[in-house]
Amino acid sequence: MIRVLSCTQPTGNAHLGNYLGAWRNWVKGQGQDTERDNFFGIVDLHALTVTESPGVVGAATVDLAAWYFAVGLDPELSTVFVQSHVPEHSQLAWLMECTLSYGELSRMTQFKDKSAKREGHFISAGLFTYPALMAADILLYDANEVPVGDDQRQHVEITRDAAIRFNHRFGDTLVLPEAVFPPAGARVMDLQDPTSKMSKSSSSDAGIVNLADPPEAIMKKFKRAVTDSDTGPDAVRYDVAAKPGVSSLLDILAAATDSTAERVAGEYTRYGDLKTATGEAIVALLEPVQQRYRELIDDRGELARLLAVGGAKARQVAGTTLRRAYDAIGLLPA
Ligand code: TYM
């Protein structure tokens with residue numbers, strides 16, 4: 001059996017990067033032959049690293065739960081839980097903080113980027129120790145596979161380093177996880193700035209396809225996507241370094257149609273046609289998801305029930321692993 005774990009922070013709007021880079025892969029994994037035991041978290045404690053107002057994270061948690069089920073997570077096949085409902089995350093995170101070094105955490109690109117963006121503002125210690133909490137999220141579930149977008153690669157690497165060091169110090173206790181990326185869509189780029197990834201913290205909304213955007217808005221964003229001024233029969237080709245905008249559209253279209261960027265490139269000669277086709281493919285892909293989201297978000301009671309069931313299941317697994325880690329260290333039993 002393969003244990004699968006992945007998570008999303010409840011901050012900002014759900015966007016196309018989340019869907020193509022991560023969630024769609026989670027849903028596909030549910031239908032595979034190999035037996036998989038899936039855990040998908042809504043990591044509200046992670047969101048606190050950048051949250052300073054009351055109520056915001058709770059509301060975003062419910063919203064994200066609706067998106068999780070709307071994209072197709074099936075409560076029969078996947079355990080969907082909220083991080084703060086499982087206290088073991090914070091408990092193992094402390095052990096991980098004592099396993100990772102200050103130097104390792106200082107080298108994390110996400111910390112460097114996010115703290116640079118917040119220059120002159122409050123930078124929480126949590127933003128710095130974030131990878132320790134993320135390592136705990138993964139290791140608590142003995143995860144073999146962690147399906148994520150490319151931006152999480154370094155975080156899964158440091159999780160492996162933490163597990164290796166812990167096992168070396170205290171004996172074989174924690175399972176080493178592997179990051180798993182989708183063949184296309186692992187790094188969805190901002191449509192207005194195709195050298196930056198699409199992100200909740202992007203400065204302009206025109207570059208982000210929100211999952212809740214109506215079809216007309218999605219088409220408009222794709223039609224206005226930044227490309228380049230090449231012309232000629234081979235202008236539409238996949239070359240990330242030389243043609244980031246066109247390559248990003250090809251990657252999105254490939255992800256949406258289960259194809260490859262090179263193959264879809266062969267079908268277009270004009271940028272306008274590529275933009276329209278990509279927009280239409282995304283609209284078609286999102287339409288049923290948006291429909292289910294609208295139904296689910298109106299049924300708060302059912303969402304709360306599903307999260308309570310998931311939380312209880314997650315606690316069972318997490319409790320066992322935490323106990324194992326405490327025992328390996330030799331903490332005095334209570
Ligand atoms: P988060 O909440 O930023 O994003 C959730 C998932 O969406 C993917 N993603 C993207 N994929 C492709 N292109 C993009 N532009 C794009 N933007 C986001 C992310 O790679 C991720 O898979 N640190 C994590 C949350 C986390 C986590 C975990 C993930 C906490 N604990 C344990 C896995 C396992 C994060 O901030 O993802």
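For ligands, and for the atoms within them, numbers begin at 1 and follow the listed sequence. Just so we're clear, the structure is a prediction, and the values are computed from it rather than from any experiment.
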Between Asp251 and Gly185, is there a donor-acceptor pair closer than 3.5 Å when you use the side chain of the first and the backbone of the second? yes
Of the side chain and backbone of Met189, name the one, both, or neither that has a heavy atom under 4.0 Å from an atom of ligand 1. neither
Does Gln110 have a heavy atom less than 4.0 Å from any atom of ligand 1? no
Is ligand 1 under 4.0 Å from a heavy atom in the side chain of Cys7, in the backbone, in both, or in neither? both
Hey, is Arg292 close enough to Glu295 for a salt bridge, meaning N to O under 4.0 Å? no
Please check: side-chain N/O of Lys243 versus main-chain N/O of Asp228, any donor-acceptor pairing under 3.5 Å? no
What protein heavy atom sits nearest atom 17 (N) of ligand 1, and how far away is it? His15 CE1, 3.4 Å
Looking at ligand 1, does any of its N/O atoms fall within less than 3.5 Å of an N/O of Met134? no
Between Thr8 and ligand 1, is there a nitrogen or oxygen pair with a distance under 3.5 Å? no
Quick one: look up the protein heavy atom nearest atom 2 (O) of ligand 1 and list residue, atom name and how far away it is. Gln9 N, 2.9 Å
What I want to find out is whether Arg153 reaches Asp150 closely enough, with some N-O distance under 4.0 Å, to be called a salt bridge. yes
Out of Ile42, Val188, Leu16, who is nearest to atom 15 (N) of ligand 1 when you count heavy atoms only? Val188
Would Tyr141 and Thr79 satisfy side chain to side chain donor-acceptor pair (under 3.5 Å), going step by step from the backbone distance to the final call? CA-CA 11 Å; Tyr141 296 89; Thr79 302; over 6 Å; no
Can you list the steps and then say if Asp213 with Lys220 is a salt bridge (Lys or Arg N to Asp or Glu O under 4.0 Å)? CA-CA 11 Å; Asp213 281 345; Lys220 196 162 148 190; over 6 Å; no
Among Ser199, Gly41, Ala14, Gly17, closest by any non-hydrogen atom to atom 14 (C) of ligand 1: Gly17
Cut-off 3.5 Å, side chains only: do Gln83 and Asp137 have a donor facing an acceptor? yes
With respect to Gln152, determine whether any N or O atom, backbone or side chain, lies less than 3.5 Å from an N or O atom of ligand 1. yes
Return the closest protein heavy atom for atom 6 (C) of ligand 1 as residue, atom name and distance. Ala22 CB, 3.7 Å
Geometric class of the Trp67/Tyr293 ring pair [parallel <30°, tilted 30-60°, perpendicular >60°]: parallel
With a 6.0 Å cut-off on the ring centroids, do Phe40 and Trp23 count as close? no
Considering only the protein, which heavy-atom contact is closest to atom 12 (C) of ligand 1, and what is its distance? Ala186 O, 3.1 Å
Out of Asn18, Ile208, Val156, Asp137, indicate the one that has the non-hydrogen atom closest to atom 7 (O) of ligand 1. Asn18
Could you see which bit of Tyr130 sits under 4.0 Å from ligand 1, with heavy atoms only: side chain, backbone, both or neither? side chain
At under 4.0 Å between heavy atoms, is it the side chain or the backbone of Arg187 that contacts ligand 1, or both, or neither? backbone
Polar atom proximity, Lys197 to ligand 1 (N or O, under 3.5 Å): no
Counting heavy atoms only, which part of Ile138 comes closer than 4.0 Å to ligand 1: side chain, backbone, both or neither? side chain
Heavy-atom nearest option to atom 20 (O) of ligand 1, drawn from Leu133, Leu64, Asp151, Val148: Asp151
Salt bridge or not for Arg294 and Asp298, using N-O below 4.0 Å? no
What residue and atom, counting heavy atoms only, is the protein's closest point to atom 22 (O) of ligand 1, and at what distance? Gly149 N, 3.2 Å
